[in-house]
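Only one structure is covered here, and it is reproduced in the block below.
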Number of protein chains: 2
Amino acid sequence: MLQELTETRYGKHDYIFREGDPTEYFHIVKEGTVKCVKSTPEGKECTLKMLMPGDLFCCDAAAFDGASHPGSAQPMGDVSILRMKKKSYFEMLRRNPDAAMEVIKYLGNRLNEAQEKTKDLALDRADQRLASLLVDLAARNGIPDPNGIRLTVRMTREDMANMVGITTETAIRIMSRFKRDRLVSGTANRLLIRDLKGLKALASAS
Amino acid sequence: MLQELTETRYGKHDYIFREGDPTEYFHIVKEGTVKCVKSTPEGKECTLKMLMPGDLFCCDAAAFDGASHPGSAQPMGDVSILRMKKKSYFEMLRRNPDAAMEVIKYLGNRLNEAQEKTKDLALDRADQRLASLLVDLAARNGIPDPNGIRLTVRMTREDMANMVGITTETAIRIMSRFKRDRLVSGTANRLLIRDLKGLKALASAS
DNA sequence: TAATAAACATGACATATGTCATGTTTATGG
DNA sequence: CCATAAACATGACATATGTCATGTTTATTA
């Protein structure tokens with residue numbers, strides 16, 4: 001079983017797979033951060049989810065029951081990915097009820113997350129969604145720093161914009177304001193959360 | 001196994017469960033249409049999904065791996081719901097790999113749908129999202145009619161608004177325009193899709 | 001390290017959508 | 001069937017966010 005897992009490394013400018021590619025493999029993030037992206041014919045992009053070590057993707061779950069990837073997967077920096085043929089994976093799950101149950105739970109949680117994101121997009125303002133993203137990343141990706149919490153993932157204003165459904169300009173403006181208000185500092189390569197409580201308050205403000 | 005399934009009927013003003021209720025049961029829609037709703041402390045609502053016969057909910061998948069329902073489930077008209085204790089359901093899946101695989105596929109598709117919805121909210125205009133909703137319902141819920149396709153589910157402008165993330169007023173204005181352009185006619189109790197092609201064109205217009 | 005591209009920044013203005021108010025029509029339940 | 005509430009409609013106006021333009025700063029990589 002384990003011998004059917006292969007490891008591949010990717011860099012910033014690679015694609016792990018593109019929208020429309022056939023879904024031959026099942027993937028797991030081993031190292032680094034991967035983003036799942038959907039784009040329109042006009043070139044607009046929307047980042048659905050950042051995947052971190054241990055995450056399955058299956059980002060686009062059609063890997064399970066569909067013919068082609070409904071979105072692309074791109075590394076954010078250097079990453080290492082484990083892959084297994086879809087067929088082997090299915091067989092493994094069929095023989096191993098505990099593993100299947102774990103996958104059901106994982107997918108359930110992912111569905112939940114996706115629905116929470118839908119609600120945020122529908123009901124929250126742009127600055128709340130951006131604050132929310134930063135709070136979330138501080139927990140998932142942050143390391144302690146003398147002045148707050150440092151994010152280890154590289155994330156440009158454009159990345160943030162695509163993650164919360166706004167334009168790059170709006171993301172820049174909001175981040176400028178957050179900086180002025182001493183909530184955050186730094187740019188893509190070195191983002192620092194300086195006031196987590198303040199961001200949390202903003203994220204859930206009416 | 002089957003004897004652990006119980007059936008319950010609900011009417012328009014009932015709740016099947018509310019946000020925050022413990023997730024004791026696993027549910028299946030037998031008859032009618034159910035909506036999954038999340039709401040904010042301020043009373044704003046967002047409808048995540050309409051469930052029709054055969055759908056599992058698990059609308060909020062935390063029924064699988066969480067303590068309390070992250071959203072409420074409300075009938076749209078009269079419905080009939082099958083329920084099974086979560087524990088029995090888990091046991092059944094563990095003994096029945098085929099059933100577990102089906103659930104994995106179902107959840108994968110639901111996750112996919114949710115992500116498609118996220119993309120629409122992030123990148124499409126209000127009128128496109130509303131057109132898209134009507135096209136989708138015509139296929140899932142429509143019956144042929146001399147003048148087009150009739151929707152069998154009762155759906156107010158407010159319902160539509162909550163489903164596509166806009167205000168009721170905006171939904172009413174857009175529907176007024178659609179009516180003027182002979183794309184649709186009727187109100188909540190009797191909605192008619194008069195020009196499916198026109199709606200489809202609008203839904204995917206740049 | 002120099003050249004080039006990417007990222008960040010900000011102003012001016014456009015516009016889609018929200019908000020609030022008011023009235024009419026239609027449906028519902030006692 | 002009548003009374004009441006829900007749904008639909010539309011105007012006037014507010015505002016959040018998008019668009020386009022231009023410039024600076026910061027990072028890449030040749």
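What you see is a predicted model; the values in this text were computed from it and never measured. Protein chains get the first letters and strands the later ones, always in sequence-line order, with residue 1 at the start of each.
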Which donor-acceptor pairs under 3.5 Å do the side chains of residues 173-189 of chain B make with protein atoms, sequence neighbours left out?
unit_1	atom_1	unit_2	atom_2	d
B:Ser176	OG	B:Ile172	O	2.9
B:Arg177	NH2	B:Asp127	OD2	2.8
B:Asn189	OD1	B:Arg154	NH1	3.1

Would you call A:Lys85-A:Glu24 a salt bridge at under 4.0 Å N-O?
yes

A:Glu19 side chain to A:Lys38 main-chain N or O, any donor-acceptor pair under 3.5 Å?
no

For the helix from C:dT1-D:dA30 to C:dG30-D:dC1, what is the angle between the axes at its two ends, each from 5 pairs, rounded to 10°?
70°

Where each residue is assigned the nucleotide of DNA chain D containing its nearest heavy atom, which of B:Ile172 and A:Ala171 is assigned the position nearer the 5′ end?
B:Ile172

Output the residues of residues 146-164 of chain A in contact with DNA chain D, where contact means a heavy atom of the residue under 4.0 Å from an atom of the strand; sort by number or write none.
A:Arg154

What orientation do A:His69 and A:Phe17 show, parallel under 30°, tilted 30 to 60°, or perpendicular over 60°?
parallel

Closest-nucleotide mapping onto DNA chain C: is A:Thr187 or B:Thr170 further toward the 5' terminus? I mean the 5' end.
A:Thr187

Spacing of B:Thr6 atom OG1 and B:Tyr25 atom OH [to the nearest 0.5 Å]
7.0 Å

Quick one, which residues of residues 120-129 of chain B touch DNA chain C with a heavy atom under 4.0 Å?
B:Arg125, B:Ala126

Beyond-backbone contact of B:Asn109 with B:Glu113, side-chain heavy atoms, under 4.5 angstrom
no

Could you tell me whether the side chain of A:Leu121 reaches within less than 4.5 Å of the side chain of B:Thr118, counting heavy atoms only?
yes

Would you mind reporting whether B:Met155 and B:Leu137 have side-chain heavy atoms less than 4.5 Å apart?
yes

When A:Arg180 and B:Ile166 are each assigned the nearest nucleotide of DNA chain C, the 5'-most assignment goes to A:Arg180

Say you draw a straight line from SG of B:Cys46 to CD of A:Gln115; how long is it, rounded to the nearest 0.5 Å?
9.0 Å

Which residue is it: B:Met50, B:Glu45, B:Met76? I am looking for the one with a side-chain contact (heavy atoms from CB on, under 4.5 Å) to B:Asp159.
B:Met76

Under 4.0 Å from a heavy atom of chain A: give me the 5'-most and 3'-most nucleotides of DNA chain D that qualify.
D:dT17 to D:dT29

In terms of relative ring orientation, are B:Tyr89 and B:Phe26 parallel, tilted or perpendicular, with 30° and 60° separating the classes?
parallel

Any residue meeting salt bridge (Lys or Arg N to Asp or Glu O under 4.0 Å) with A:Asp145, in chain and number order, not counting sequence neighbours
none

Other residues, nucleotides and ligands only: do more than 12 of their heavy atoms fall within 6.0 Å of CZ on A:Arg140?
yes

